[in-house]
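Below: one structure, written as structure tokens.
All heavy atoms count here, side chains included; hydrogens, waters and symmetry mates do not. Both counts, for ligands and for their atoms, begin at 1 and track the order of listing.
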Amino acid sequence: MIADNIRSLRDRIAEKCIKVNRNPEEIKIIAVSKNFGVNEILETLKEGIHDFGENKAQDLDAKFANLGNKVTWHFIGHLQRNKVRFVVNSADYIHSVDSLQIAMEINKRAEKINKVQKILLQIKTSNEETKSGISNENEIIDIANYCKDLKNTELAGLMTISPLTDDQNLVRKSFKYLSNLKDNLKSNGIFLNELSMGMTDDFEIAIEEGATMLRIGTAIFGERDYSNKMDKL
Ligand SMILES: *Cc1c(COP(=O)(O)O)cnc(C)c1O
């Protein structure tokens, strides 16, 4: 089932890329494996997807203990300061940096283990109260500038979660905001490669608006069963 899902996902990505004149090679699929186990990850790996996303530090930890660097790990969940140490230990990318304090803590922990930690800034691109992320543009520029000087942190890009709505225009607006922000940062001397945006329900719009990383769970693994936690490992 996972193989079939990935095949049709790739078809949809390719089709959209042709329409908007983009190269599918420049779009990375991150398989969001939260609430799924190591078996599903191995099955996905067989299909040639090497990037996996987790949103809880302890789940990432457990899966990392099992799979190590066989795959590329992306931490995509809200990050608390006291969990930074664990996440830096296992994640190749941290997508959810939403304050200068967290960036500094990441740098400190990365320095301790002699690592350059790739991070993305999570940006709040809609008015939804529940979404976390940085919304003030000056603050974003300040943090980005600060990260430039950090030795053990590399700012790779920006990440956002679109608002939960059926209104495609609002979703597009949110992705456009992130893409424009990347351009604004460029004119401030901050050059970023990655735009992490688009999930199962909105990845096609995200491709149209310039996404380079899609975070896809349901379209690969099927519906998540939230009662089923780490015992699936
Ligand atoms: C769960 C999750 C996803 C994947 O969601 P799907 O709709 O299942 O594709 C993407 N990004 C984040 C931050 C998530 O928490």
Side-chain angles (χ1 to χ4, degrees), residues 1-2 4-13 16 27-37 40-41 43-44 47 49-61 63 71-80 83 87 90-99 102 118-126 128-135 156-168 170-172 174-175 177-178 194-207 209-230 232:
M1 188 191 85
I2 287 179
D4 290 338
N5 288 347
I6 292 174
R7 207 166 305 124
S8 51
L9 173 65
R10 285 199 170 117
D11 284 348
R12 283 172 66 188
I13 292 173
K16 180 53 73 179
I27 298 168
K28 190 181 301 237
I29 300 171
I30 298 170
V32 177
S33 44
K34 67 186 186 198
N35 294 83
F36 288 93
E40 283 94 344
I41 293 179
E43 219 176 313
T44 306
E47 301 306 314
I49 291 179
H50 295 271
D51 292 79
F52 293 85
E54 291 288 332
N55 69 336
K56 293 205 176 75
Q58 59 271 35
D59 291 359
L60 173 61
D61 229 31
K63 289 173 188 172
V71 312
T72 301
W73 295 105
H74 299 256
F75 186 77
I76 60 173
H78 182 65
L79 186 54
Q80 290 158 292
K83 299 281 172 59
V87 172
S90 46
D92 295 283
Y93 289 84
I94 300 175
H95 291 233
S96 42
V97 177
D98 60 2
S99 71
I102 289 288
K118 294 196 187 80
I119 65 166
L120 291 85
L121 298 182
Q122 182 169 351
I123 310 296
K124 188 173 185 294
T125 53
S126 69
E128 236 174 60
E129 287 298 329
T130 52
K131 293 280 183 297
S132 54
I134 318 162
S135 52
L158 306 173
M159 177 273 221
T160 200
I161 303 172
S162 71
L164 190 64
T165 167
D166 289 331
D167 186 345
Q168 304 233 321
L170 287 179
V171 172
R172 188 180 300 282
S174 146
F175 293 155
Y177 181 92
L178 199 70
E194 309 291 354
L195 284 180
S196 166
M197 57 189 198
M199 318 191 341
T200 293
D201 288 334
D202 56 21
F203 70 85
E204 277 147 328
I205 302 176
I207 292 172
E209 300 303 333
T212 63
M213 291 174 154
L214 308 176
R215 307 180 310 267
I216 310 285
T218 311
I220 292 175
F221 299 109
E223 293 293 335
R224 281 180 290 276
D225 178 359
Y226 284 100
S227 62
N228 218 338
K229 294 210 173 109
M230 292 313 292
K232 278 200 88 182

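When hydrogens are left out, the protein atom nearest atom 11 (N) of ligand 1 is Arg215 NE, 2.9 Å; that is the closest non-hydrogen contact. For atom 10 (C) of ligand 1, the closest heavy atom belonging to the protein is Met199 SD, 3.3 Å. Shortest contact from atom 6 (P) of ligand 1 to any protein heavy atom: Thr200 OG1, 3.4 Å. Residue, atom and distance of the protein heavy atom nearest to atom 1 (C) of ligand 1 are Lys34 NZ, 1.5 Å. Closest protein heavy atom to atom 13 (C) of ligand 1: Ile76 O, 3.6 Å. Looking at atom 8 (O) of ligand 1, its nearest protein heavy atom turns out to be Thr218 OG1, 2.6 Å.
Using a 3.5 Å distance cut-off with no hydrogens or angles, the side chains of Ser33 and Glu54 do pair a donor with an acceptor. At a cut-off of 3.5 Å, with distance as the only test, no side-chain donor of Ser96 or Gln122 sits close to an acceptor on the other residue.
Side chain of Glu40 to backbone of Gly37: a donor-acceptor contact under 3.5 angstrom is found. With hydrogens and angles ignored, the 3.5 Å screen pairs no side-chain donor or acceptor of Ser174 with any backbone N or O of Leu170. Counting only distance, with no hydrogens or angles, the side chain of Thr200 and the backbone of Ala219 share a donor-acceptor pair below 3.5 Å. Listed for the Arg215 side chain is a donor-acceptor partner under 3.5 Å among the backbone atoms of Ser196.
Ligand 1 has an N or O atom lying under 3.5 Å from an N or O atom of Gly217, backbone or side chain.
Counting heavy atoms under 4.0 Å from ligand 1, residue Arg224 touches it through the side chain alone.
Side chains of His78 and Asp98 form a contact here, defined as non-hydrogen atoms less than 4.5 Å apart.
Every atom of ligand 1 with a heavy atom of Ile216 under 4.0 Å away is listed here by number and element: 9 (O). Here is the list of ligand 1 atoms found below 4.0 Å of a heavy atom in Ile161: 13 (C).
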